[in-house]
Amino acid sequence: MNMKQWLNSVKESEIKKAFPILSFPSISLMGITVKELINNSDLQAEGMKRIADRADTLASVGMMDLSLEAEAFGSNIHVSDGEVPTVVGAIVTSEEEAQNLKVPSVDSGRCALYINAIKKASELICDRPVFAGVIGPYSLAGRLMDVTEIMINCYTNPEFVHTVMKKTTEFIINYANAYKERTGAKGVLMAEPLTGMLSPELAEEFSSPYVKQIVDAVQDDDFLVLYHNCGNNTVQMIDSLLSIGASAYHFGNSVNMKDVLEKVPSDVIVMGNVDPARQFRNGTVESIKEETNKVMNECCGYKNFIISSGCDIPPASNWDNIDAFFDAVKEFYNK
């Protein structure tokens, strides 16, 4: 499958399937916990297959587990039965530690398990592309250094940050290429949410050049990089984000989707942005249909827009709400 041709055919289609970041809610379909899911490749693949069977998605997406790569570097993580894993504490607190930080193997921690899960999912799901999830280089560096400390060091000690960024970038290139070479995945969805907290100027220095290195190293006609940023500064940093050359861009619900579309060239796919927490997790069937219709009415006049969730849909989200989202998309296009 030539994925660039596939993406162009999606853009030209009058009716576009939804592409939500939907993976963790598979736990309720299988009657398991998040802890069980993140430690079992068979369950991850089965969960993706169950979602694909239930939901008419444009593509199947692996889990957005932003603890995974940090754990491979040696970070401690907190795991619970009902929430996405989180990183606890920092492991890089000085320039000396940054210099000594080892770039791990792509099979470190649970990474090999996730690679294996995507391979299994690609064998089970044959009617749509499968995408793996990876973290972005600045968001990974923030988990290694501490989210607050990396922001401070962007101003006070930029070389310290750049030292860590070079290593996170090297790892993500290797990790994305492992998905490309071993699994049958058609691309990666890169989550770079921490960049959304930066000013446009800092994003241009500390995130975009490194993301571009990753895109240049792994993306081709058969393997796409989709870029996700759910920060509230994304409209102001559009030019910098477009410079990375991702195949499509996914934005969170902290921005107005139409404001983004007005600044993005018509040949670049843009996805978003129904609120995952307020609607998918805590909304009602009526409220999520209303919100989905609102976004689609504002944005579907742009041929390069695809409706999605604003970010990763939380594990405990109600499937009545998720089903209502897909019903709303179908009803919109049937009008």
Evaluate Lys35 against Asp81 for salt bridge (Lys or Arg N to Asp or Glu O under 4.0 Å), listing each step before the verdict. CA-CA 5 Å; Lys35 187 174 184 179; Asp81 286 342; 5.7 Å; no
Quick one: which residue pairs count as a salt bridge (charged side-chain N to carboxylate O under 4.0 Å, His left out) with a foot in residues 62-77, not counting sequence neighbours? Asp65-Arg110, Glu71-Arg110
How would you list, by chain and number, every residue that makes a ring-ring contact (aromatic ring centres under 6.0 Å, His included) with Tyr175, sequence neighbours excluded? Phe171, Tyr179
With a 6.0 Å cut-off on the ring centroids, do Tyr210 and Tyr138 count as close? no
Do Pro85 and Ile38 have side-chain heavy atoms sitting under 4.5 Å apart? yes
Ignoring hydrogens and geometry beyond distance, is a side-chain donor-acceptor pair present between Thr57 and Arg128 at under 3.5 Å? yes
Is there a salt bridge (Lys or Arg N to Asp or Glu O under 4.0 Å) between Asp259 and Lys263? Walk through the geometry before answering. CA-CA 7 Å; Asp259 291 344; Lys263 291 180 174 290; over 6 Å; no
Would you say the side-chain atoms of Glu95 and Thr163 include a donor-acceptor pair closer than 3.5 Å? no
Using a distance-only test with no angle check, is there a side-chain donor-acceptor pair under 3.5 angstrom linking Ser240 and Ser208? yes
Any non-hydrogen side-chain atom of Ser309 less than 4.5 Å from a side-chain atom of Phe280? yes
Within-4.5 Å side-chain heavy-atom neighbours: Phe24 and Val34: yes
The criterion is side chain to side chain donor-acceptor pair (under 3.5 Å); which residues satisfy it with Glu205, sequence neighbours excluded? His162
Test salt bridge (charged side-chain N to carboxylate O under 4.0 Å, His left out) applied to Asp220 - qualifying residues, sequence neighbours left out: Lys180
The criterion is side chain to side chain donor-acceptor pair (under 3.5 Å); which residues satisfy it with Asn177, sequence neighbours excluded? none
Checking Thr93 against Glu149: is there a side-chain donor and acceptor pair closer than 3.5 Å? no
Who pairs with Gln236 by side chain to side chain donor-acceptor pair (under 3.5 Å), at least two apart in sequence or on another chain? none
Could you walk me through whether Ile306 and Val10 pass side-chain contact (heavy atoms from CB on, under 4.5 Å), step by step? CA-CA 9 Å; Ile306 296 173; Val10 170; 3.6 Å; yes
For Lys4 and Ser247, which I'm curious about, is there any donor-acceptor pair between the side chains at under 3.5 Å? no
Has the side chain of Ser308 got a donor or acceptor atom that lies under 3.5 Å from a matching backbone atom of Phe19? yes
Start with the C-alpha gap between Glu170 and Lys166, add the side-chain angles, then the distance that decides, and say whether salt bridge (Lys or Arg N to Asp or Glu O under 4.0 Å) holds. CA-CA 6 Å; Glu170 180 184 342; Lys166 289 171 185 173; over 6 Å; no
Exercise: do Ser287 and Glu290 side chains pair donor with acceptor under 3.5 Å: no
Lys303/Asp267 ion pair, N-O < 4.0 Å: no
Under the criterion side chain to side chain donor-acceptor pair (under 3.5 Å), which of Lys212, Gln213, Gln219 is the partner of Asp216? Lys212
